[in-house]
Amino acid sequence: MAQCLLSVHEFLQDSFIPQVAALCSEEAEKLARKNQLSFCELVRPFCRLSTEVHMRDPNNQLHVIKNLKISVNNIVTQPPLQAAIRKLLNDVVASNQPAEGLVPNVITAGDYDLNISDRSIKASVPWYNTWKETLTELNKSKFYAATTPWFESYRESFFQCMPASDHEFLNHYLACMLVVSSHEAEPVEQFLKLSQEQHRIQHSNDYSYPKWFTPNTLKYYVLLHDVSGGDEKRADSIYEEMIQRYGTQGCYLLKMNSRTSSKGTEEQIPDPWSQYIQKNNIHSQDAYEDGSNVVLEKNNSEHVVPVDGLEDYEKEALSNSLKTHPLDQLSDAGGSFDGIDNERPPGTVTETKKAVTGTPHGSCLTLTDHDRIRQFVQEFTFRGLIPHVEKTIRQLNDQLISRKGLSRSLLSATKKWFTGGKVPEKSVNELKNTLGLLYPPEAPELQIRKMADLCFLIQHYDLAYSCYHTAKKDFLNDQAMLYAAGALEMAAVSAFLQPGAPRPYPAHYMDTAIQTYRDICKNMVLAERCVLLSAEILKSQVKYSDSAGLLIRLTSEDSDLRSALLLEQAAHCFINMKSPMVRKFAFHMILAGHRFSKAGQKKHALRCYCQAMQVYKGKGWSLAEDHINFTIGRQSVTLRQLDNAVSAFRHILINDSKQPASQQGTFLREYLYVYKNVCQQSPDSPLPQLPLPYINSSETRVFFGHDRRPAEGEKQAATHVSLDQEYDVESSQQWRELEEQVVAVVNRGVLPNNFQPTQYCLSSNSDNSKFPLAVVQEPITVEVSFKNPLKVPLLLSDLSLLWKFQLKDFSQKQNEEVMEPISNEKDLLSKGKSFSDVIGTEEITEFLINSEETKIARLKLLPQQTGELHILGIVYNLSTIQSTNSLDGVTPPNNVPTGKFISNGMSVRGRQDLEIQGPRLNGTKEEKTSIQYGPDRRLDPIIAPQMPLLEVFFINFPTGLLCGEIRKAHVEFVNVSKAPLMGLKVVSKRPEFFTFGSNTAVLTPLSPAASMNCSAYKTVVTDSTSGCSVLTSSVTPVDFGCGGGNHPGVVDIPLTDSVLAPGASVQLPLWLRGPDEEGVHEINFLFYYESTEKQPRMRHRVLRHTAVICTSKSLNVRATVSRSNALEDEESKGGNMLVFVDVENMNTSEAAVKEFHIVQVSSSSRNWKLQKSVNPTADKDTKLTSRERAKMCFKVVRCKQSSGAEQSTDKYTFGDIVFGGEQIISSTTPCADFFFRSCLSQFKKKPLAHTNASTKSSSDEAVRLIQKCSEVNLNIILLWKAYVVEDNKQLIIEGQHHVALHTVGTEALSFPQKQDQPEMALLKFSRPEHTAVVVRPSPEQLSNLIKTSLHYPESFSHPFHQKR
């Protein structure tokens, strides 16, 4: 049980106190009414004596009564109705709610951390961890645990409402006060009238109620005197007359109302009546209107306890200081309990309370009058009540002593004489029926019970126990079970209250009494009284398990309120045990909440469910959590606590629910209904947060720019960046390196300090530490990932982004005025469009998410002005559809158009914020030792001014090529913005793959044959008589973008006037060469461009394109150069060499390729050139079918030195040996372009040829000279054609291969073959020798220094038939 404000001894003593009746004249009531009080209410705060009372027991021993309290009530001649009592108890419980504003503490009970709202310091002690030590400490304090004031008020009212019965005398009146005013004409005669009236009520057969303790009831005469308006001498004379008539011990003069009205506004007099006036006893009934005596008219309707007119029973002062019990989670947020019981009449307890508390009490009384009233009660007790009780006990004791000397037979005869010869028959039916035996008032058994009750009331528990024990035996012998149960009940309480605890508490007495009341007597009220008493006693003995069992056994279906309160107290017993049974606590709190709900106590039901929720929450009991949250939501709706209801239903929806789809649908509809009511109550409030669907904020992606255009025929748009592409770390790094490369070239080889790589798509994988840049009039797409955790579909409508925008003009100075931010929240609430000229917001009309589906939505914004944009979240209407027939491909209903869904009519508008947590920081020591997160600014773009926007289209761009194949395509550049474009460049990691042509491209016109055959080369018709002679030309690498300090990977794209105007387009040729390696190649192009106007925020823009090329095998070329031993002629001065070329057709997979034709072999070198073919064929053409090889030999001679030595070192001489009818000009685009680009490594190493020459020794120089004699630096270009059959058409494709010959005698390949990995060898350790290694040339290098020439005739004739 929860801890009470009173100790167990105080509770038991206050449950049974002496009862005193009051009978007042009309004038006396008027005097009391001056203070807005009846006479009984006037004396009630002073009814507890502050001093000890002494009396003599029957053995003439002095008995001390401590802390005695009496009860003074008006006489009511009708017993209270059961319906009135039930309503009274219901109102008492309803009016006591947990105190608000308490700070919860956290205690640990086993594995649970539970909230407790208690202002007591003791409650914060971790009592479950060190229970034994803490229990000793807590028991010393009266406030060692949390309290339940509603239960205490119920219990107090329950004991006050106990009607007087014939089998016990605890609630019978011991005395009667007769109160008369001194202002009456004949006060003494009025006393006589009141005395006669009391005698008539007690002894007349017309009145069976109230009950009186003894026939000769003590009458105490009280004379009220109004000091402020009465004659004090007359009052004294009347009092003297009373003394002569009734004696000093039987009368009293009470002077009151000493306070005048003028003094009432000056002095501050305490009001001790406030806490008592609101818990009015049902036994008393005050006629406020006319002040007439209610007992004078028997048939007065006021006798039937008009409960609606009762004053409030809430203990206001006590409730303010009481505590809520453990596990209190939900404080009363409503502030009123008008929603407790919807069936209650308008005259509720709350209204009565307001009326009562607004009226001041005791306004005519001073502190002296307070002391006079206190003295009056004390005098009445000392001089009247206690002597009367002492006398009555002696009389009853004398009867008991005389009874002990009689035999049982004589006693039976005496009892027979007393009872008129009636002897009860002991039948089985009568044993189980308490109505089968009634004792007369003079029966000896009842006299013993009367003495026992009287001793109990004056705290003489030893004598009381002895009498109860004796009476119990007699009642059991007579099978008077009702009487026996009452004796057992009070015997157990007396045994517990005996000082010094001479005997243990007989709990079995109480168990027997409870069982008898409940099962035999069918009196649940008396059984409940036993349970309340025994449970408190067992709790004080730390027998929480027994107390809980006792409380649970009395729960039944006849009273939901009683069952709810007892189940709640049983739950507290479980949590107060040595080993707290927390789950039992929660289970019984659920049961208590259910019974509270049935009893109409909605607030208490809500509180119980909330307290139990702390145990079930987060333990994996999802079904229990759903049930509790659903009930909390329902109760909160009933109490009009809509915010709490929304919170409870929200928990049902956001948890991982295991409910079936139908139940989840019910939960969702309830949530939407409650949420709609909340929104209707405050239509102007900000948009609320919705729990569904889930949003994975970390997966939110932001894309800046237009969507990619689809391919149109032969036109293919650049791939650029889109939300459909998956993030690749390597690819992202490559794009970054390419951008850094081109920016460095533009800035003269230096990367700017404020360089920020362009990011078009921001995600959790990108670097979001800086504010991203967007451009005016270019859309911003936000991709949001939704997840529906329910098994029912969700329909989102009018889905759009919520944003805040700060206008800012970046072209002005920094000291401009800061404007207020603009937000579209109010627009979205009212569905307006007032800010569309600032930020255009796209709206998705319908967005359906099927059950347990994860689905993405792409929402767009179109900024129209520059500034700082902050994307806050999303706004949408949440609803469900009527039927799921339109899902999963099933035919929708007839009245539903395709792609449309019917909402169930319940729709709420709300928002969800997009809050993205940045990456965890791990750079400094402080960041490593703590948990810190960096910013994530992907949703906070800066809107920059207008910039050019480039779109690139590739025309006839191939997807498959042969290795070395040359293909011509076209590229179209379009400026789709309103700003001009300049500085167009392209950068790639594979510059050997493409070329836009060189400066010499316009020098040689296309031949007619080349245009007819759609050849990618520039050709010239050759003379058929020229044979295989060489045709030469010279160019420099600078003409093709190589050498001369140019970065080979960055290519300038030629534009007219170097500017592309807004809306203009230009189409340029693009030559492609298939990579030499077979397979699939991804080649990245990064197009770089700038605006003609320099922008501070965005200096350049880039466009990405990834080309995917699949290459197949074509030719494999091997070449070797060697010294020629032939005699030198005039053209070959300076030496000549032979080049052996071995060509093999490697194409086997492509059946469409019939054969390859080698149409030309060219050379490119600074020093060497081809002179002629040594083995010309008759066909002037070399054909290679599949897996065929061809061997060719060419003579190479040195180039003639020109007059300018500088020009000779920079220029490359191209020599062409043509095998067909047309010469391909190898020194022009695209042949020379691809040659120079494929040999980029040579040009990078060229400046290192003569470095550090001064530091070399003479021997190294000699070796270097010898090595140089073997160097050739000759490049062979093999040009070929192939015939391909596609779609029954024969196509001619062209290509070229390059072989770089560096050293005499060393074989070179057009593409290096993959080498097998060497086998693993044992690791060898050797000691290094510090000896100088002499660099010596190899024998091959030395042999090349000697040149031999063989001279012999070409033919020789020998007569073999003559000489052999």
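Side-chain atoms are counted along with the backbone in the values below, which use heavy atoms only and exclude waters and symmetry mates.
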Regarding [X] and [Y], does a basic nitrogen lie under 4.0 Å from an acidic carboxylate oxygen?
X: Lys450; Y: Glu168; answer: no
X: Glu568; Y: Arg595; answer: no
X: Asp14; Y: Arg48; answer: yes
X: Arg394; Y: Asp57; answer: no

Atom pair [atom1]/[atom2] of [X] and [Y] - distance to nearest 0.5 Å:
X: Leu396; Y: Ile448; atom1: CG; atom2: CD1; result: 10.0 Å
X: Ile201; Y: Thr217; atom1: CD1; atom2: OG1; result: 11.0 Å
X: Leu68; Y: Ile70; atom1: CG; atom2: CD1; result: 7.5 Å
X: Glu197; Y: Cys176; atom1: CD; atom2: SG; result: 10.0 Å
X: Leu482; Y: Tyr439; atom1: CG; atom2: OH; result: 10.5 Å
X: Ile537; Y: Phe11; atom1: CD1; atom2: CZ; result: 8.5 Å

Indicate whether any N or O donor in one side chain lies under 3.5 Å from an N or O acceptor in the other, for [X] and [Y].
X: Tyr220; Y: Gln249; answer: no
X: Tyr154; Y: Asn96; answer: no
X: Ser556; Y: Arg562; answer: yes
X: Arg245; Y: Tyr221; answer: no
X: Tyr468; Y: Asp453; answer: yes
X: Gln198; Y: Gln202; answer: yes
X: Gln498; Y: Arg503; answer: yes

Side chain to side chain contact (heavy atoms under 4.5 Å, CB included), that's the test. Do Lys539 and Tyr544 meet it? Break it down for me. CA-CA 5 Å; Lys539 185 193 71 173; Tyr544 290 105; 3.3 Å; yes
Might you work through the side chain to side chain donor-acceptor pair (under 3.5 Å) test for Ser7 and His9, ending with a clear yes or no? CA-CA 5 Å; Ser7 67; His9 289 79; 5.2 Å; no
Could you list the donor-acceptor pairs under 3.5 angstrom formed by side chains in residues 376-387, with sequence neighbours left out?
| unit_1 | atom_1 | unit_2 | atom_2 | d |
| --- | --- | --- | --- | --- |
| Gln378 | NE2 | Thr51 | OG1 | 3.0 |
| Glu379 | OE1 | Arg383 | NE | 2.4 |
| Glu379 | OE2 | Gln375 | NE2 | 3.0 |
| Thr381 | OG1 | Val377 | O | 2.8 |

For residues [X] and [Y], determine if any side-chain heavy atom of one lies less than 4.5 Å from a side-chain heavy atom of the other.
X: Tyr483; Y: Asp474; result: no
X: Arg56; Y: Gln61; result: no
X: Glu390; Y: His63; result: no
X: Tyr173; Y: Val20; result: no
X: Leu554; Y: Met524; result: yes
X: Leu194; Y: Val180; result: yes
X: Glu536; Y: Arg155; result: yes
X: Leu81; Y: Ile85; result: no

Ignoring hydrogens and angles, tell me if any N or O in the side chain of [X] forms a donor-acceptor pair with the backbone of [Y] under 3.5 Å.
X: Ser534; Y: Cys530; value: no
X: Thr148; Y: Trp150; value: no
X: Ser153; Y: Pro149; value: yes
X: Gln447; Y: Pro441; value: yes
X: Ser38; Y: Glu41; value: yes
X: Asn90; Y: Arg86; value: no
X: Asn576; Y: His572; value: yes
X: Asp478; Y: Ala480; value: no

Closest non-hydrogen atom pair between [X] and [Y], with its separation:
X: Arg449; Y: Gly486; answer: NH1-C, 3.4 Å
X: Val72; Y: Arg44; answer: O-NH2, 3.9 Å
X: Trp212; Y: Ala21; answer: CH2-CB, 4.0 Å
X: Met451; Y: Pro58; answer: CE-CG, 4.2 Å
X: Met55; Y: Ile65; answer: SD-CD1, 3.9 Å
X: Cys251; Y: Met242; answer: CB-CE, 3.6 Å

Passing option when Leu550 is tested against Leu532, Leu566, Ile514 for side chain to side chain contact (heavy atoms under 4.5 Å, CB included):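 Result: among Leu532, Leu566, Ile514, Ile514 is the only option passing the side chain to side chain contact (heavy atoms under 4.5 Å, CB included) with Leu550.
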Audit row: Lys211, Asp166, salt bridge (Lys or Arg N to Asp or Glu O under 4.0 Å) steps and yes/no: CA-CA 8 Å; Lys211 304 293 184 180; Asp166 293 329; 3.0 Å; yes
Determine, using ring centers only, whether His460 and Phe456 are less than 6.0 Å apart.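 Aromatic pair excluded; centres sit 6.0 Å or further apart.
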Who pairs with His172 by ring pair (Phe, Tyr, Trp, His ring centres under 6.0 Å), at least two apart in sequence or on another chain?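 Ring pair (Phe, Tyr, Trp, His ring centres under 6.0 Å) check on His172 returns Phe169.
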Report the C-alpha distance between Leu533 and Met510 in whole Å, list the side-chain angles of each, state the deciding distance to 0.1 Å, and finish with yes or no for side chain to side chain contact (heavy atoms under 4.5 Å, CB included). CA-CA 9 Å; Leu533 295 173; Met510 278 292 190; 4.0 Å; yes
Would you please classify the geometry between the Tyr505 ring and the Phe496 ring as parallel, tilted or perpendicular, with 30° and 60° separating the classes?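 Taking Tyr505 first and then Phe496, their aromatic rings stand perpendicular (interplane angle over 60°).
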For the pair Leu254 and Val179, evaluate side chain to side chain contact (heavy atoms under 4.5 Å, CB included) and give the outcome as yes or no after the intermediate values. CA-CA 10 Å; Leu254 178 58; Val179 186; over 6 Å; no
Quick check: are there more than 12 heavy atoms from other residues, nucleotides or ligands sitting under 6.0 Å from CD of Gln459?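 Yes, enclosed.
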Does a sphere of radius 6.0 Å around NE2 in His199 hold more than 12 heavy atoms from other residues, nucleotides or ligands, not counting ones at 6.0 Å or beyond?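 Atom NE2 in His199 is not crowded, with 12 or fewer foreign heavy atoms closer than 6.0 Å.
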Show your working on side chain to side chain contact (heavy atoms under 4.5 Å, CB included) between Val93 and Leu561 and close with a plain yes or no. CA-CA 9 Å; Val93 175; Leu561 181 62; 4.1 Å; yes
